[in-house]
Amino acid sequence: MSIKNSTALRTHLCGDMRSANIGEVVTLCGWVGRRREHGEHLAFLDLRDFSGIVQCVVDNSVDVRSEWVIRVTGKVQPRPEGTVNSNIPTGEVELAECKIEVLNSAEPPPFPIDQRGDDVDENVRLKYRYLDMRRERMQKNIRLRAAINSAIRKSMESQGFTEVETPLLMPSTPEGAREFLVPSRNEPGSFYALPQSPQLWKQLLMVAGMDRYYQIAKCLRDEDLRADRQYEFMQLDAEMSFVNKDDVIAMISTAVIAAAKAATGSEPPPIERMTWHDAMNFYGIDKPDLRFAMKLVELTSVFAATDFKAFATAESIKAICVAQAQYPEQAASGRNKLDALTDRAKKLGAKGLVWLKVGEAGALDSPVAKFLSATEQVEIVKQTGAVAGDLVLIVADSWSITCSVLGQLRNDLGRPPVHQGPYRYVWVVDFPMFVGINPTTKLPQPGHHPFCHPHPEDIDRLESDPLSVRALAYDLVLNGWELGSGSIRIHEPELQRRVFRQLGISDEDADHRFGFFLQPFKYGAPPHGGFAFGIDRLTAILAGEDNIREVIAFPKTQSGSDPMTNAPTNVESAQLTELGIRLLPPPIK
RNA sequence: GGUCCCGUGGUGAAGUUGGAGUUCACGCCGCCCUGUCAAGGCGGAGGUCGCGGGUUCAAGUCCCGUCGGGACCGCCA
């Protein structure tokens, strides 16, 4: 399908000019980039639109300046011998005999448009986002995002999914993330909540017999912002009936692979799977970055009969080996760096951190070497595969602490920058239903939302040994970023009540808080499951950006403000009165 | 709620032990310049050193507070 780019004001796009156009008289519209003056009657202008830039040869008496909007009619001609610019796609040609019409003049921009903008204060970029977005980088990012959305839609529809829009105004369901509230004018004192996700709606669509639903949905969460988190973000949200987790994983994989292909031009290999237990055990985190190894090495049995007190009673002892070959700087850490690593490990919850520097012939340089037997020292080197110059870090603690601390250190020491290396997608499956016991309430803490179906083999232990119960839940991870998660849902009302009871939600509570959601399940809910993943995060990684703000047209700052619009703002007291709202005096500090 | 980093002409930076708003690059304005493409040359303008307080003869610099931005922890079922 060819796109018609000619309009009433222009015949072509700047970035499309090629040798094939030589001899044509064209009219282009765009913004003035750089101007290079060469005397009374010669100057070069870079004319820019979204498609790229093309050089115009003009008389130097023409007064057009940076970012003025102009319309140029001229003749496409080959550049003279020796003046071809191979750095730009239009570099073989230029526009000559130019007639210029100024459509709008402009003040000088507050920052250069023809650069990436990495060194410009982000506050200034956001204040002038409409200028910031003129730069090639942002044009690419936003268009990449559109291409990803488009590929996802195509893929979902070709797999039989139907797009359904769900409400933004819904009742508050005080579970999970903090909600944005919207006051009701008709019922002062009552509020709508904006959806953290369309979770409840999409499950009702399954009850409604829609079979396969999808939506590229805006989700809103009033939680603190991060590089990978905004108040509002987009998810591919999907749900399907009469499926098991393999069906869901297969269909979502198809959509993600289609999106990745649309973005990068090459199709990633089939997405591998890893159990949650393996992810924790070998990478110390439930969102492992598989672009680098430095896997956690099991050493517990090596110290079964050790005399070293710190290791003797530990449930789990593991190590990572920081290889000098790949990480020369980190492996050669001096005493200060090693002390800092130890502090870091303690802050993360470990009792301590043992470091060993491997010398020639397996000799170990470490404050604790004298407490370790010769056999133990040999085994450490053997199991970790360490060679001379490597640094070995050991944590001995409970299994979960040992894993999570080493996993964090592994990321700290080895993780490549976002824009580097291959794309490593992985499905992490068999998440536990509960992630520990809340020390205050003594209740199991849910790992996901409370509608996740327990693994059929484990349902018997729901009450007797909840922590051993796996959920039919799965996360999609890309290069250490959690893209999204999904699960097979509970469709049997009685099982749902059992899970609620485990979470300390009585039948009455459940009816009160989720009644509108649970009632429909009495009327024949099909077995169903689904998934949702973050489009902002996927786009950021595929764009090589380490921050989702770079792929969002108008993002908020970390404190939730918008430097361009100044949102959030005060409102007229009349507006509040109409809503039945009176403000508290500001807190006294 | 917490930890850490940053704030100096339009933009980005330097500013030492406290000594005159000092410096550099880009941009901007003017002049010169006929093949540049980050053009080049010459000249010029442009400042509440985020804000408030304190120490001092003297603060961009030291101290306290505050505002704004960023990274992270908590939080994100």
Side-chain angles (χ1 to χ4, degrees), chain A residues 33-48 53-60 63 65-67 77 79-88 90-91 94 96 106-115 117-128 131-132 173-179 196-197 199-200 219-231 233 340 343-344 347-349 408 411-412 431 433-435 438 444-452 471 473 482 485 487 499-500 503 505 513-514 532 534 546-547 549 556-561 563 566 589:
Chain A
R34 286 187 177 271
R35 178 187 180 115
R36 296 173 290 277
E37 300 186 337
H38 283 268
E40 196 179 352
H41 293 297
L42 178 65
F44 301 102
L45 297 181
D46 289 335
L47 182 66
R48 182 189 70 240
I53 62 172
V54 65
Q55 173 166 283
C56 302
V57 188
V58 301
D59 191 289
N60 206 354
D63 185 21
R65 303 180 183 219
S66 228
E67 299 309 314
Q77 67 173 29
R79 294 198 185 189
E81 187 87 27
T83 63
V84 166
N85 183 351
S86 56
N87 294 321
I88 55 173
T90 62
E94 63 190 7
E107 289 181 21
F111 43 69
I113 307 294
D114 60 351
Q115 296 165 20
D118 285 315
D119 54 2
V120 179
D121 188 298
E122 203 183 340
N123 216 26
V124 178
R125 289 181 58 200
L126 291 182
K127 183 172 178 182
Y128 299 94
L131 294 181
D132 190 53
T173 51
E175 296 291 311
R178 187 184 296 113
E179 298 166 318
Q196 313 161 30
S197 80
Q199 182 67 34
L200 303 180
C219 305
L220 300 108
R221 296 179 187 174
D222 187 6
E223 299 290 353
D224 289 353
L225 288 67
R226 290 281 194 286
D228 61 353
R229 279 160 39 184
Q230 284 272 306
Y231 281 154
F233 59 99
D343 284 346
R344 171 94 171 127
K347 274 188 189 144
L348 292 167
Q408 190 60 57
N411 270 349
D412 289 351
F431 269 74
M433 193 80 182
F434 306 101
V435 291
N438 184 313
Q445 295 175 296
H448 294 70
H449 57 67
F451 315 117
C452 276
E482 182 194 321
S485 62
S487 63
V499 170
F500 275 142
L503 297 171
I505 301 172
R513 288 151 81 171
F514 296 103
D546 59 11
N547 191 314
R549 291 187 298 271
K556 304 277 191 290
T557 68
Q558 196 167 76
S559 58
S561 65
N566 288 323
K589 293 184 184 169

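Quick note on labels: first sequence line is chain A, next is B, and so on, each numbered from 1.
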Return the nucleotide paired to [N]: Watson-Crick means purine N1 to pyrimidine N3 with N6-O4 or O6-N4, wobble means G-U with N1-O2 and O6-N3, both under 3.5 Å.
N	result
B:rA59	none
B:rU66	B:rG50
B:rC42	B:rG30
B:rU16	none
B:rA25	B:rU11

> Would A:Glu122 and A:Arg549 pass as an ion pair if we require N to O under 4.0 Å?
Replying inline: yes
> ring pair (Phe, Tyr, Trp, His ring centres under 6.0 Å) with A:Phe233: which residues, sequence neighbours excluded?
Replying inline: none
> Does A:Tyr128 have any ring pair (Phe, Tyr, Trp, His ring centres under 6.0 Å) partners at least two apart in sequence or in another chain, and if so, which?
Replying inline: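 For A:Tyr128 there are no ring pair (Phe, Tyr, Trp, His ring centres under 6.0 Å) partners, ignoring immediate neighbours.
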Name the pairs: protein N/O against N/O of nucleotides 41-45 of chain B, kept only if under 3.5 Å.
none

> Among all residues two or more places apart in sequence or in another chain, which pass the salt bridge (charged side-chain N to carboxylate O under 4.0 Å, His left out) test with A:Asp132?
Replying inline: A:Arg125, A:Arg129, A:Arg135
>> Counting primed atoms plus P, OP1 and OP2 as sugar-phosphate and everything else as base, spell out the protein contacts along nucleotides 5-11 of chain B at 4.0 Å heavy-atom distance: B, S or - for each nucleotide, 5' to 3'.
In response: -----SS
>> Is there, by distance only and without an angle test, a donor paired with an acceptor across the side chain of A:Arg79 and the base of B:rC37 below 3.5 Å?
In response: yes
>> Between the base of B:rA39 and the ring of A:His38 - centre-to-centre under 5.5 Å, planes within under 30° - is that a stack?
In response: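 Here the ring of A:His38 and the base of B:rA39 are stacked, with centres under 5.5 Å and planes under 30°.
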> Among B:rA71, B:rA77, B:rC33, which is the nearest nucleotide to the side chain of A:His449?
Replying inline: B:rA77
>> Can you list everything that forms a side-chain contact (heavy atoms from CB on, under 4.5 Å) with A:Ile88? Sequence neighbours excluded, please.
In response: A:Ile53, A:Arg79, A:Asn85, A:Thr90
